[in-house]
Protein chains: 2
Amino acid sequence: MQLAAVLDAGGVSEGAALLGMTQSAVSRSLSMLEARVGEPLFLRGRRPLQATTLGTQLAVHGRAILTASRRATDAVQGHLKGTSGMVRVGGVPFFMDALVSQMIASFHRDEPEITVQQSYGNLPDLVSSLDARLIDIGIVPIGSAHPGGAYEFIDILPGRNVVACRTGHPLLKRPHPQATDLAAFPWIAPLPGSPLLTDLQMILLSIGLSELNIRYSGGSLMSVVNFLADSDALAVLPFSVLFALRKDNRVTVLPFAIPQPDRSLGILRRLDSPRSPAAERFSQHVIRVFGDLKHTIQRHENAVAWAGPDEAFPPRP
Amino acid sequence: MQLAAVLDAGGVSEGAALLGMTQSAVSRSLSMLEARVGEPLFLRGRRPLQATTLGTQLAVHGRAILTASRRATDAVQGHLKGTSGMVRVGGVPFFMDALVSQMIASFHRDEPEITVQQSYGNLPDLVSSLDARLIDIGIVPIGSAHPGGAYEFIDILPGRNVVACRTGHPLLKRPHPQATDLAAFPWIAPLPGSPLLTDLQMILLSIGLSELNIRYSGGSLMSVVNFLADSDALAVLPFSVLFALRKDNRVTVLPFAIPQPDRSLGILRRLDSPRSPAAERFSQHVIRVFGDLKHTIQRHENAVAWAGPDEAFPPRP
DNA sequence: CAGCTTCATAGCAAAATGCTATAATCGCTA
DNA sequence: TAGCGATTATAGCATTTTGCTATGAAGCTG
């Protein structure tokens, strides 16, 4: 580091000043380095100081160490102030892809120094990831089965599922689609482990059918949307996810009321985990953006003319 | 560095072993680092050791320092053994482009760890570069004017100039071209400062003309060759340079004997400069390759049916 | 809960590192 | 080339850091 500083500054005294040290200290340690190497590192008595080839080469590595060292102190200071750092976020795939990824982008605009590490998983995986401290926060839908006292759960969006179809789907032309109509079309099943899977079975029950015509399952959100848009298939999706996709105008809500899960999307974190300022800021950001989003989503929901099998499943107010 | 090693190895003891230290030393310094930072860097009591986000981030920089440090020791060891290092070579443009650049390539095949830094210059520039220790060796043509006792000059190729023209040049059809024939064509002048410029004037004198028809001057070798190949112009070039270009079959030797300079291409270096093994190896390589080349060049020279203004300038034996 | 492994802490010696003060050297100019 | 101004090397000393061995504490495993 001293070699690099000295060569960059053009002299021992200047280099020492650059490092906040005295000239003598730098002079000695460089002499010792030369002695250890057994070769001169620079040519004495020249202004500006000339390095030997070996000196030049070593200075390259010294510069690397110097910058790494500076970055390390920056990382620590940023971490303590919360202006930089790292958040490891795990979440359920669909929400991450549709909503959280955009929030990460907007978060990065505000806090460019904070690294966000995203990972996917369903509730059990995310809980064990939290336990193993592999992630700092999880963004998951949680129902009545609370995960226990070791966790904090911050509610950010009520769960609300809808039936999704492509824009221009034949069923959209009917004023009041019936359950039997829905059963006539192929369905997309969510990934195993997804809460949407149980939701789908709930719907089956409520409709009174024993089985749906599952034609596709197991894809990411992008795959599902692509499939939906290019076919007449139907899928159960969170309304907020569809809301996030409204700009594309490829998929939309089928106005058919279905039983709603008693579930909320929220931020899950361990109470005992050392909460870093970066994670704190990210959580606040997500909560704020979802808070802003909630009203817009609500308006869009109310704009749908719902129809359903009976009055047992009205849209939430 | 210790943090990185410990996290990579998966434990304090393993990390210490990786660094060739005892476990206790590493344990203590990491504790001190944690105290300094004021935050835990890893979660105690977990196998394999889990880092906090800050620990992970700092480890990144630690790894950078670790690799830089390793590379530095490699650089030193390589320098001492001569298997790695850096040579700064300066040379006259035409020889560098035609011959030395290829030798640098073949040298790099043998010694991939040695960096070669090439620069251009004519004799005076190269001497001052040597004095300023900006280059380690110079590859220059030197005549009777020896540069002085502070330098070592190793002869590698006798100077031998020829008139060059494109293949298919009209003059090639004549069995014995005369001086007046040559004067009828445009000429390419070498860059100012090049020894070839004085050579060209020598030729003028010997031919008995006061001036040649200079149509182009000041280009690099590639420019000169391109110009030669696409015109009927003539140029004075070292035979070895033309030899190196024989594969392209674009330019060739005009069999017209011209006065030869009392000059040799050779390696110039300061006697007092700290001679690195890398520079030593490079010099040896250049000398060896030129040594091999010399005989081939000689054969090609002898194959030319020379003709000239008189017997004063016969081809060298 | 014993046994094994791993990590943290003491205690001590050696080395490295820092400073101030001072000598030696170098480059430049008159 | 002598001298000046600036820069670099060395001395001497105090402090900190670093290393080791030995030993205690804590965690997993069967």
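Just so we're on the same page: letters track the sequence lines, and every chain starts at 1. Not measured: the values here are computed from a predicted model.
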(message) One pair to check against salt bridge (Lys or Arg N to Asp or Glu O under 4.0 Å): B/R281 and B/D110. What are the steps and the verdict?
(response) CA-CA 10 Å; B/R281 288 189 183 219; B/D110 297 347; over 6 Å; no

(request) Answer with yes or no whether the side chains of B/R88 and B/S129 bring together a donor and an acceptor at under 3.5 Å. (result) no

(message) Could you tell me how far apart B/L43 (CG) and D/dA26 (C1') are, to the nearest whole angstrom?
(response) 16 Å

(request) Take atom CG of B/L30 and atom C1' of D/dT18, then tell me their distance rounded to the nearest Å. (result) 13 Å

(request) Could you work out which one of C/dC7, D/dC20, D/dT8 sits closest to the side chain of B/S24? (result) D/dC20

(message) Tell me the interatomic distance from B/Q2, atom CD, to D/dG19, atom P, rounded to whole angstroms.
(response) 6 Å

(request) Run the numbers on B/H285 and B/E111 for side-chain contact (heavy atoms from CB on, under 4.5 Å), then give the verdict. (result) CA-CA 10 Å; B/H285 179 84; B/E111 306 276 1; over 6 Å; no

(request) Look at the side chain of B/R28 and decide which nucleotide, out of C/dG11, D/dA9, C/dG18, has an atom nearest to it. (result) C/dG11

(request) Could you tell me whether the phosphate oxygens of C/dT17, OP1 or OP2, come under 4.0 Å of any side-chain nitrogen or oxygen in A/S29? (result) no

(request) Could you tell me the separation between the CG atom of B/L19 and the P atom of D/dT18, rounded to a whole number of Å? (result) 13 Å

(message) Can you confirm whether the side chains of A/E39 and B/H79 place a donor and an acceptor under 3.5 Å from each other?
(response) yes

(message) Please confirm whether the shortest side-chain N or O distance from A/T22 to OP1 or OP2 of C/dC19 is below 4.0 Å.
(response) yes

(request) Remember a base hit wins even if backbone is also touched, and classify A/M21 as base, sugar-phosphate or nothing at under 4.0 Å, heavy atoms. (result) sugar-phosphate

(request) From the options D/dT10, C/dG18, D/dC20, select the nucleotide whose nearest atom is closest to the side chain of B/A25. (result) D/dC20

(request) Could you state the atom-to-atom distance from CZ of A/F42 to C1' of C/dT25 in whole Å? (result) 15 Å

(request) Can you tell me the distance, in whole Å, between the CE atom of B/M32 and the P atom of C/dA10? (result) 13 Å

(request) Measure from CD on A/Q23 to P on D/dA11 and round the result to the nearest Å. (result) 14 Å

(message) How many whole angstroms separate atom CG of A/L7 from atom C1' of D/dT7?
(response) 16 Å

(message) On the nucleotide D/dT8, are OP1 or OP2 found under 4.0 Å from the side-chain N or O atoms that A/S13 carries?
(response) yes

(request) Using the side-chain contact (heavy atoms from CB on, under 4.5 Å) rule, take A/F282 and A/D136 through it: C-alpha gap first, then chi angles, then the decisive distance, then the call. (result) CA-CA 10 Å; A/F282 182 75; A/D136 300 307; over 6 Å; no

